[in-house]
Trainee: 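Sharing a structure with you now.
Quick note: numbers below take in every heavy atom, side chains included, and nothing from hydrogens, waters or symmetry partners.
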Amino acid sequence: MILILEPNSAPESTDYKILSGQLDRLPGIKYRVHREVGAEVTLTEIYLIGDTGALTVDQMQLLPCVARVVRVSEAYRVLGRHKQGDDRPTSFDYKGVKFGQDTLNVFAGLCAVDSRESVEGMMKALQAHGQVCTRMGAYKPRTNPYAFQGFGASCLPYVFELAGKYGIKVIAMEITHESHVDEIRAALDATGDPTGVMLQIGTRNTQNFELLKLVGKQQDFPVLIKRGFGITLDESLNAAEYLASEGNRKVVFGLRGMKTNMGDPHRNFVDFSHVPVVKRLTRMPVCIDPSHSVGVRSVAPDGILDIFHVVAQGVVAGANMVLVDFHPNPAQALVDGPQALLMAELPHFLDDVALARETYLKRSALAGKYAAH
């Protein structure tokens, strides 16, 4: 059960103290408080943990400070959609960019930062096409211990400086260790906070529960968590719930393909049919990663790249974010060059995404029209 308090309910107020005292006396029930402090409004939610079956919504609604009550199911308590009274938001704002189940943001960029020149070339092209988000890999977990694993903290200052120069508001950046959060925060401070960072939990770390807890405890940065490539969708959604249960509810869920030879000749089996499933089960925006799903620059007989085709599939199904690899010179890329799109393909790619998004919006309007009959 979730108690959603009146806006700006202060812990030091008399009503709040009365509420806390009454919750402390509930037998067999513990509670966790989540507060989100905005520029003008502070929102507070209290999660009751235990056997709440004997508690009625009407009864809890009468408690001081309580604006409304949501009875939740066992699955995805914080991030899930719950039938009774659950009108909590399906979006969040970060650095002036809205991330929600009704928006679409493109994060085109480098899978791995390999030089200042590549970063600047990418960001300059994004600015020229009106884009304010990108992906930049500083820390790269690799299957082969001898493969390039990113420049780490050493590249962060120039990545962030260039982001500020070219108007990039949010950078998606994978982390593999808790120390990376501190390194990112320090580099942002040192460069004057010119941009924002969305921390990325990669598929290999989807069930690194201690990392999930630590990342969930911080609320400076939103988080993109990718589906684990060898586990079920339910297990991956519960991994996202780890983040939210620790306090960070600014979470985007990423689909990046499943590891199976049934996806051959693609790198992974494309799972973008799960876009509407994730949106139905949870309140998270859904990201698709076509580069790691397809893994090659193959072209269909119609002249359209496979990567373009699967992006269209995901966007037409309602995807809210696209994480895609580009590189000024894929042949020289230190990571995943064969799947990177060319800079010359960026305008075509963005136009194709816009066409797919327009189709999705028309389909949504059509569904609304027939539902009204």
Trainee: Mind checking who shares a hydrophobic cluster with Leu361, ILVMFWY linked at side-chain heavy-atom distances under 4.5 Å?
Mentor: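 Traced through the cluster, Leu361 reaches Tyr360.
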Trainee: Which residues pass the ring pair (Phe, Tyr, Trp, His ring centres under 6.0 Å) test with Phe160, sequence neighbours left out?
Mentor: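 By the ring pair (Phe, Tyr, Trp, His ring centres under 6.0 Å) rule, Phe160 matches no residue at all.
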Trainee: For Tyr31 and Tyr47, I'd like to know if the aromatic rings sit close, meaning centre-to-centre distance below 6.0 Å.
Mentor: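 Judged by ring-centre distance (under 6.0 Å), Tyr31 and Tyr47 do not meet the cut-off.
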Trainee: In this structure, which one of Arg267, His327, Arg297 forms a side-chain hydrogen bond (donor to acceptor under 3.5 Å, both in side chains) with Gln339?
Mentor: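 Of Arg267, His327, Arg297, side-chain hydrogen bond (donor to acceptor under 3.5 Å, both in side chains) with Gln339 is met by Arg267 alone.
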Trainee: Under 4.5 Å between any side-chain heavy atoms of Lys279 and Asn320, yes or no?
Mentor: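 Lys279 vs Asn320: side chains touch.
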Trainee: Of Asn238, Thr282, Asp234, which is the lone residue that meets side-chain hydrogen bond (donor to acceptor under 3.5 Å, both in side chains) with Tyr76?
Mentor: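 Option passing the side-chain hydrogen bond (donor to acceptor under 3.5 Å, both in side chains) with Tyr76: Asp234.
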Trainee: Sequence neighbours left out, what passes side-chain contact (heavy atoms from CB on, under 4.5 Å) with Pro7? Give chain and number order.
Mentor: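 Val41, Leu43.
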Trainee: Decide, yes or no, whether a salt bridge links Lys213 with Glu246 under the criterion of side-chain N to carboxylate O below 4.0 Å.
Mentor: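 Salt bridge: no.
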Trainee: Salt bridge check, Glu12 against Lys17: does any charged N sit closer than 4.0 Å to a carboxylate O?
Mentor: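 Answer for the salt bridge query: no.
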Trainee: State which residues pass ring pair (Phe, Tyr, Trp, His ring centres under 6.0 Å) with Phe92; sequence neighbours excluded, sorted by chain then number.
Mentor: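 Phe92 satisfies ring pair (Phe, Tyr, Trp, His ring centres under 6.0 Å) with Phe99 once adjacent residues are dropped.
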Trainee: Are Phe209 and Val215 connected into the same hydrophobic cluster when the rule is that any two of I, L, V, M, F, W, Y join if their side-chain heavy atoms are below 4.5 Å apart?
Mentor: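 They do share one cluster, since a chain of ILVMFWY contacts under 4.5 Å joins Val215 to Phe209.
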Trainee: Is the distance between the ring centroids of Phe151 and Tyr139 under 6.0 Å?
Mentor: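 They do not qualify: ring centres at least 6.0 Å apart.
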Trainee: Does any N or O in the side chain of His180 come within less than 3.5 Å of the main-chain N or O of His177, such that one atom is a donor and the other an acceptor?
Mentor: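 Flag set: sc His180 to bb His177 pair under 3.5 Å.
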Trainee: Mind jotting down which residue pairs meet the side-chain hydrogen bond (donor to acceptor under 3.5 Å, both in side chains) criterion with at least one end in residues 190-204? Sequence neighbours excluded, please.
Mentor: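 Non-adjacent pairs meeting side-chain hydrogen bond (donor to acceptor under 3.5 Å, both in side chains): Thr143-Arg204.
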Trainee: Between Glu117 and Glu120, is there a donor-acceptor pair closer than 3.5 Å when you use the side chain of the first and the backbone of the second?
Mentor: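 Pair absent, no side-chain N/O of Glu117 close to backbone of Glu120.
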Trainee: When you group the ILVMFWY residues by side-chain heavy-atom contacts below 4.5 Å and let the links chain together, are Leu355 and Val316 in the same group?
Mentor: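 No, it is not one cluster - the side chains of Val316 and Leu355 are not joined through contacts under 4.5 Å.
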Trainee: Identify, with sequence neighbours excluded, every residue that meets side-chain hydrogen bond (donor to acceptor under 3.5 Å, both in side chains) alongside Gln131.
Mentor: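 Not a single residue meets the side-chain hydrogen bond (donor to acceptor under 3.5 Å, both in side chains) criterion with Gln131.
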Trainee: Does the pair Arg256/Asp271 count as a salt bridge with the N-to-O cut at 4.0 Å?
Mentor: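 No, no charged N to carboxylate O under 4.0 Å.
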